[in-house]
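Before any comments, here is the structure.
Atom set for the values below is all heavy atoms of this structure, side chains included, hydrogens, waters and symmetry mates excluded.
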Amino acid sequence: MYTNIASLLAKLDPLTLYIQEKNPACILLTETWLSPVVPDSLIGLNDYIFYRTDRSSRGGGVCILLNRTLFKQFSVTSCSKNYGNIELIRVTCVSSCQSFSLVCIYRPPGSSVVEDELLFEDIKLFCSHYSNLLIFGDFNFPKISWPHLQLLDNDNSAILFADLLLETNLMQLVSFPTRFRFGQTPSLIDLILTNDPNLLCEISQQPPIGISDHCVIETFLQYHIPPTERYERREYTRIDFDGLNSDLAKINWDSLYHTANSIEAWDIFTNILSDLTSQNTTTFHINYIRTKPWISSHFLKQAKIKKMLWNKFKVSGSQYDYDQHRGFSNKLKSDIRSAKYRYELNVTKRGPKAVYKFVRGKMLSKVSVPIMCKNDNTLAANEHQSANLLADFFQSVFTSEPHTNLPPCLSPHKELFLSNIDFTEELVLAELIKISEKSSPGPDGLSPLILKKCASWIAGPLSHIMTLSFQNSVLPPIWLQALITPIYKKGDKTKAENYRPISLTSICSKVMERIIWNQMFRFLNDQSILSANQHGFLPGRSTVTCLLQCLNTWTISLDQNKPVDIIYLDFEKAFDRVPHRRLLRKLDNVGIRGLLLQWIQAFLRGRSFRVRVGSCYSSNREVLSGVPQGSVLGPILFLVYISDLLSLLKSPHAFYADDGRLFNNPLTSSQIIQSDLLTAQNWTSTWLMPLNNKKCVVFRLGKDNPNIPYTLDNHVLQPVNQIKDLGVLLDNNLSFSEHVNLVVKKANTVKYLIQKAFVSPTEELSKTLLVSYIRPILEYASVVWSPSLIGNKELLEKVQRRYLKTVQTLKDKPYDVRLSLLKLPSLEKRRIINDLVCTYNILTHQFGIDLSNIFELSAASHLRGHSMKLHHQKYKTRWRQNFLSNRVFNLWNSLDSDLIESSSTASFKNKLYNHLTDL
């Protein structure tokens with residue numbers, strides 16, 4: 001089917017009803033009015049694959065939807081183009097025995113001749129490349145008389161279009177009017193062009209979708225497809241965990257493991273667990289209706305009545321028949337909306353779990369991996385080839401480490417060492433219980449739910465396997481394998497470099513790694529191996545602690561009228577490039593030795609991965625370098641590898657894993673900065689961890705900054721006026737106004753999506769959506785950038801104020817009443833609470849790093865109140881005035897001692913909320 005839908009989201013319910021009634025294989029739509037912020041999941045037609053191009057401004061937009069079941073036998077490729085206000089999308093479907101191309105075009109009435117010429121040139125190219133070409137679209141040429149192609153006026157674009165059809169031998173197949181406006185003569189502006197009219201048959205005119213003035217064009221595309229059922233048969237399993245645990249309790253693992261090594265013991269364990277699980281599993285099937293649950297048979301009957309009314313108006317053309325059709329269409333749309341509302345209400349009554357599942361399906365849109373582009377810019381033939389192209393790219397970033405003598409370590413050799421790890425049954429049981437049931441199984445296929453529910457009975461045999469593996473430095477082969485899911489970042493979706501690999505590894509391996517991690521971290525922390533300037537992947541440390549540490553130093557310098565130059569260092573594919581021999585050398589140097597070092601060596605070497613695209617996998621690829629992503633030990637191994645670089649830097653610095661920044665006063669220390677850059681360059685060359693020079697930049701602060709240039713590897717660092725640092729947009733005035741505008745825009749986008757996704761959410765659901773999806777955007781790292789300007793505070797508050805006004809039961813009430821009824825604080829109060837909680841955590845050393853230098857405790861003993869009164873820090877500039885330590889001074893000192901002496905952060909937060917409510 002094809003139609004000009006004039007707002008897909010506004011007519012989504014009537015379109016859904018049409019799809020349930022007709023189940024078309026292909027849907028082509030013009031004037032979708034979608035914007036890039038609207039995900040496919042919001043439209044919710046899950047049985048269809050979306051191909052779309054949107055207009056950045058209001059209006060326009062085209063899309064093609066292909067039925068997943070019907071088109072799974074085809075290799076599908078797509079391309080899209082914009083010619084000013086003209087949009088085009090092409091989808092080519094290829095199978096072993098046939099192929100065809102679908103093109104959807106929207107050409108608005110005001111298109112220029114230049115835009116038309118570009119469009120027509122591409123249509124000529126399509127005609128020369130594709131033999132089975134079908135072009136659907138709204139061309140807006142009402143003054144062309146069909147079928148004889150007579151021009152009723154001297155429109156230059158219409159003349160060019162007529163010449164195009166004659167030159168390419170394209171045939172126009174629509175013979176009836178496609179737009180009906182009351183009081184106007186019906187016109188034919190929606191066309192079907194093809195170079196093979198035998199591809200289509202039975203082109204018919206159907207009633208519009210909703211109250212559009214464009215009719216629906218239906219036609220049959222003639223190719224063989226297997227029949228599909230309205231019902232999809234889904235298989236479900238139910239495990240009797242009581243029976244499974246009872247059977248596991250009867251197993252004598254000691255006798256089975258008597259002479260087995262770690263690999264044999266693992267095979268015995270997995271085989272027994274698999275067999276017993278099968279014996280205690282009941283499989284059943286459910287017929288799942290492949291439609292929206294609120295679309296009932298009643299609405300299908302109503303759709304037929306609507307069609308009858310449309311046909312009656314089409315014949316008579318009378319005002320009465322037109323009003324009858326419009327009135328019935330509006331009522332049907334309203335009834336469907338009410339049914340959808342009742343369904344959403346029923347979901348909210350089923351509890352939080354059902355609500356979050358429903359919301360995730362609406363709000364989180366997964367980007368499916370398309371057919372990838374090869375090096376010669378041709379497209380891969382299928383998903384299997386795409387998986388191999390992605391695997392080739394992911395493997396290409398590995399470091400090839402030379403077999404020469406290793407460089408000497410830069411840090412002193414540690415005498416104390418850690419060589420042995422205990423894998424007691426109690427430790428294994430504690431880690432099994434912590435497993436998230438929502439985790440995905442690794443390559444071994446072991447369900448996290450089974451591992452958690454049967455933890456008491458499998459902790460013993462797993463403890464034995466881990467002990468054997470550690471003592472012999474031999475891991476089960478499946479523990480060394482990873483399944484990679486490519487996650488789209490940004491840019492061209494057909495380019496492999498625009499995807500990030502996310503690895504799934506064995507859950508049992510992660511349990512063993514977690515036990516090793518706990519003891520490794522304690523040892524490294526006690527030996528001060530991990531720098532206090534490293535904030536990544538360590539308990540209590542975060543992006544917020546990193547930014548606070550930096551902003552504290554920067555604002556003090558600016559308050560003292562000292563400029564600051566900040567160098568941002570960007571490592572290229574850092575986690576994938578860590579060379580194994582050099583990493584093992586550094587581990588030995590810091591005190592990781594003996595059996596532990598031997599096991600880590602076995603853990604790093606002999607690893608492989610496969611990339612999954614759809615239902616296809618790439619061939620196995622060897623991992624040549626890097627710390628295993630998706631593993632527990634990977635991050636801490638990386639931190640050890642990079643730790644000596646941090647110890648060499650003379651300038652103040654802060655790192656979040658591989659994301660580094662070093663800073664200093666350019667008036668007095670520019671040579672130190674340049675020396676640190678040379679140090680970093682030499683380190684990266686020696687330890688084979690290259691920096692991406694193009695992404696290493698200098699960010700300058702201070703009015704009297706001398707703008708001194710810095711070089712890295714003979715490359716002058718690019719100065720920037722704005723930079724996104726760990727999710728916070730910084731400008732060289734540190735006003736954070738641009739960051740506020742950015743988060744407000746993001747939050748408003750999510751608010752818009754929520755309004756489109758849900759008919760009329762209840763107060764409870766509205767609150768859940770606000771707290772889960774909007775507020776986190778507005779509050780991330782707010783202790784770093786909390787606004788001081790009234791305008792910025794109003795911008796942030798306005799998002800929540802407008803959102804709560806969309807709740808039907810609250811829309812006529814004042815903002816403070818809405819907040820009171822939903823038991824929500826204002827965003828400003830939330831920021832105050834966040835500031836005070838952060839202050840409490842710093843002063844009571846709840847973070848995994850000492851940030852107490854941010855505050856200065858009062859030395860006076862005669863002050864009333866609590867024991868952690870702050871000393872007032874003098875300031876000269878707004879930078880220091882607006883920083884956390886001065887922002888919270890008065891309010892913190894006014895708190896009761898009962899609050900300050902809370903036993904935990906959670907207790908302090910609860911008491912604080914009540915305290916601020918009473919004020």
With a 4.5 Å heavy-atom cut-off, do [X] and [Y] have their side chains touching?
X      : Y      : result
Leu151 : Ile144 : yes
Ile43  : Leu34  : yes
Leu29  : Met1   : yes
Ile217 : Phe136 : no
Asn23  : Asn67  : yes
His214 : Ile189 : yes

Tell me if the [atom1] atom of [X] is crowded by more than 12 foreign heavy atoms within 6.0 Å.
X      : atom1 : answer
Lys143 : NZ    : no
Lys301 : NZ    : no
Lys124 : NZ    : yes
Arg350 : CZ    : yes
Lys22  : NZ    : yes
Lys374 : NZ    : yes
Phe220 : CZ    : no
Phe284 : CZ    : yes

Determine whether Asp40 and Arg52 satisfy the following criterion, salt bridge (Lys or Arg N to Asp or Glu O under 4.0 Å), listing intermediate values before the conclusion. CA-CA 9 Å; Asp40 295 345; Arg52 57 188 255 201; 2.8 Å; yes
Taking atom types as modelled, find out whether [X] and [Y] have a side-chain donor-acceptor pair closer than 3.5 angstrom.
X      : Y      : answer
Gln302 : Lys306 : no
Gln324 : Lys312 : no
Ser316 : Tyr322 : no
Tyr130 : Arg90  : yes
Gln206 : Ser204 : yes

Under the ring-ring contact (aromatic ring centres under 6.0 Å, His included) test against His325, which residue among Phe180, Trp310, Tyr320, Phe313 passes?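 Looking at Phe180, Trp310, Tyr320, Phe313, the match for His325 under the ring-ring contact (aromatic ring centres under 6.0 Å, His included) is Trp310.
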Contact summary for [X] and [Y], nearest pair of heavy atoms:
X      : Y      : result
Val62  : Cys104 : CG2-O, 3.9 Å
Tyr51  : Leu66  : CE1-CD1, 3.9 Å
Ile5   : Glu31  : CG2-O, 3.7 Å
Trp294 : Phe299 : O-CE1, 3.5 Å
Ala6   : Asn4   : N-OD1, 3.3 Å
Lys333 : Ala10  : NZ-O, 3.0 Å

Got a salt bridge between Asp13 and Arg337, using NZ or NE/NH1/NH2 to carboxylate O under 4.0 Å?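 No, Asp13 and Arg337 are not salt-bridged.
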Is a salt bridge present between Lys81 and Asp122, judged by a nitrogen-to-oxygen distance below 4.0 Å?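 Here Lys81 pairs with Asp122 in a salt bridge, since their nearest N and O are under 4.0 Å apart.
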Once rounded to the nearest 0.5 Å, what's the spacing between atom [atom1] of [X] and atom [atom2] of [Y]?
X      : Y      : atom1 : atom2 : value
Ser296 : Ile336 : OG    : CD1   : 9.0 Å
Thr219 : Leu199 : OG1   : CG    : 9.5 Å
Ile105 : Asp190 : CD1   : CG    : 12.0 Å
His129 : Ser101 : NE2   : OG    : 11.0 Å
Arg179 : Thr185 : CZ    : OG1   : 10.5 Å
Leu200 : Phe100 : CG    : CZ    : 10.0 Å

Please assess Ile135 against Ile123 for the test side chain to side chain contact (heavy atoms under 4.5 Å, CB included), listing each intermediate value before the final yes or no. CA-CA 9 Å; Ile135 302 174; Ile123 293 177; 3.9 Å; yes
Does Phe141 have Arg107 sitting over its ring (NZ/CZ under 6.0 Å from centre, angle to axis within 45°)?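 Yes, a cation-pi geometry holds between Arg107 and Phe141.
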Passes side chain to side chain contact (heavy atoms under 4.5 Å, CB included), Leu300 versus Leu17? Steps please. CA-CA 7 Å; Leu300 296 176; Leu17 179 62; 4.1 Å; yes
Between Asn140 and Asp138, is the side chain to side chain contact (heavy atoms under 4.5 Å, CB included) condition met? List the steps. CA-CA 6 Å; Asn140 280 296; Asp138 182 352; 3.3 Å; yes
Is there a donor-acceptor contact under 3.5 Å from the side chain of Asn388 to the main chain of Ser619?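 Side chain of Asn388 to backbone of Ser619: a pair is present.
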Side chain to side chain contact (heavy atoms under 4.5 Å, CB included) assessment of Ile192 paired with Tyr2: CA-CA 9 Å; Ile192 301 177; Tyr2 159 79; 5.9 Å; no
